[in-house]
Amino acid sequence: MIIRGERAVKSSLGNLAPVIILGMSATGLGALRLLGRAGVACYGVDTKGRSPAYFSRYCRRGICLPAGATDDDILIALEGFANDLEMPPVLLPTSDRFVSFVSRLRATLNSRFILLLPDHDLVENFLDKQKFSRCAEHAGGVVPKTVLLLHGLGELPAVAQELSLPIIIKPANKEHRDCPGVPKVIIIEQQEMITAAMEKFSACSQVPFVAQEYIPGGDLQQLSVAVCVDQQAEVAATFTARKVRQGNLGSGVGTYVEAYRDAEAEQIAASLLQNLKYIGVAEVEFKRHAETGQLFLIEVNPRLWTQVALPGACGLNFPYMFYCLASGMSLPALRVNWRASSWQSLWDDFYNTFRRGGYLAAGKVSRKQWVVQSLQARVGAFFCLKDPLPALAQLRDVVKQVFRFSS
């Protein structure tokens, strides 16, 4: 872990610029809470329905746009906020869609909002997996062997022969997951799974994919390194977590994650971002080869990430670091309270543990272990005793889904 910084300039709430959080998922909620506790007035915008994050005590006002909202719709909503607020607000995108939106329209947004972004080309390289592979290798990163762009899965048999099974299939661009039901990662382990995948996703002929070699290793070999880099290319802080359980049994978004120390991963992540002249906060994901121990770079998220509350519980407030860099304030003094800590997305973790073919069925966790780990989780995606309404709203949504499914 790397930490650096000076005590932030003390200001009353009235002298602090407000922040508009773009994306009200669990990531946005984590940012809301960490920024709200630091005394920053927070507002929210999203296009994915009435998220539980809107019920947070720290969300002063939120705008929920329809799923089909265009860039112009988002701009109109943001301009409404700008007209109502006394100071230009900081824009904090927490999803790939909003990172792309802010980056593409930075010239328009810059006149009325406070932005913190690396170069647009670098943002695009991070959001496109094919471009990312070339960019990361050029900067000295070690990435899994990646086959050029696929359109649909028609070329999958030839690609599988070239890479040799097992392989991983992913949508090439995070903004182009247009086919319903396409997961973040598809693992192809056996020959018969090729035909099954081609049939299941036959309607996705226009969706671009990439294929990568599979790096051996389980959940615990998958590391997530958070890094904050200032405008002088100095690394202000790093924090490592590793996945215990994920949404796709060995791949996907972490549902139970624990704080972890890995100096090698942190050094590689920091050097990579410095070499690429990155500014702001990013999450760098690695997988450590189970046999050789080599670290492979999987992806870089040029934004906050889902488990951002975990380093926050240890004294590293990455949303506030982003806010300070954007608004020209000194970085806060970092008082790290390092101890064994874990983060859990309760209902997602419950489902992926106890569903058919989940972690329980695979023998990776027992019922007792799951209960003990859940009780030990220091922070959650939605649950927080001091901010209970988002968890209650999520519970309501879960109950509705269960009744809808049973009927």
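No hydrogens, no waters, no symmetry mates; every other heavy atom, side chains included, goes into these values.
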Measure the CZ-CD1 distance between Arg97 and Ile74 for me, rounded to the nearest 0.5 Å. 4.0 Å
Sub-4.5 Å side-chain heavy-atom contact between [X] and [Y]:
X: Ser25; Y: Lys48; answer: no
X: Asp71; Y: Leu105; answer: yes
X: Ile279; Y: Val229; answer: no

Taking the basic N atoms (NZ, or NE/NH1/NH2) and the acidic carboxylate oxygens, is any pair closer than 4.0 Å for [X] and [Y]?
X: Asp387; Y: Arg57; answer: no
X: Arg61; Y: Asp84; answer: yes
X: Glu264; Y: Arg288; answer: yes
X: Arg242; Y: Asp262; answer: no
X: Arg112; Y: Glu79; answer: no

Exactly one of Thr94, Asp96, Thr27 should register a side chain to side chain donor-acceptor pair (under 3.5 Å) with Arg303. Which one does? Asp96
Honestly, is Arg245 close enough over Tyr256, meaning NZ or CZ under 6.0 Å from the six-membered ring centre and within 45° of the axis? yes
Within 45° of the ring axis of Phe132 and under 6.0 Å from its six-membered ring centre, is that where the NZ or CZ of Arg134 lies? no
No-hydrogen, no-angle side-chain donor-acceptor test under 3.5 Å, [X] and [Y]:
X: Thr255; Y: Gln246; value: no
X: Gln267; Y: Ser271; value: yes
X: Ser342; Y: Glu258; value: no
X: Lys170; Y: Gln212; value: yes

Test Trp370 against Tyr359 for ring pair (Phe, Tyr, Trp, His ring centres under 6.0 Å), laying out the working first. CA-CA 10 Å; Trp370 187 86; Tyr359 281 89; over 10 Å; no
Looking only at non-hydrogen atoms, find the nearest pair between [X] and [Y] and report the distance.
X: Gln307; Y: Gly254; value: NE2-O, 3.1 Å
X: Cys64; Y: Arg50; value: SG-N, 3.7 Å
X: Pro302; Y: Val300; value: CD-O, 3.4 Å

More than 12 heavy atoms from other groups under 6.0 Å of CD on Gln191: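 Atom CD in Gln191 is not packed in, count stays at 12 or less.
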Does a sphere of radius 6.0 Å around NE2 in His120 hold more than 12 heavy atoms from other residues, nucleotides or ligands, not counting ones at 6.0 Å or beyond? yes
Taking the six-membered ring for Trp and the single ring otherwise, decide whether the centroids of Phe318 and Trp305 are under 6.0 Å apart. yes
Would you please indicate if the ring centroids of Phe350 and Phe354 are separated by under 6.0 Å?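 Yes, ring centres under 6.0 Å apart.
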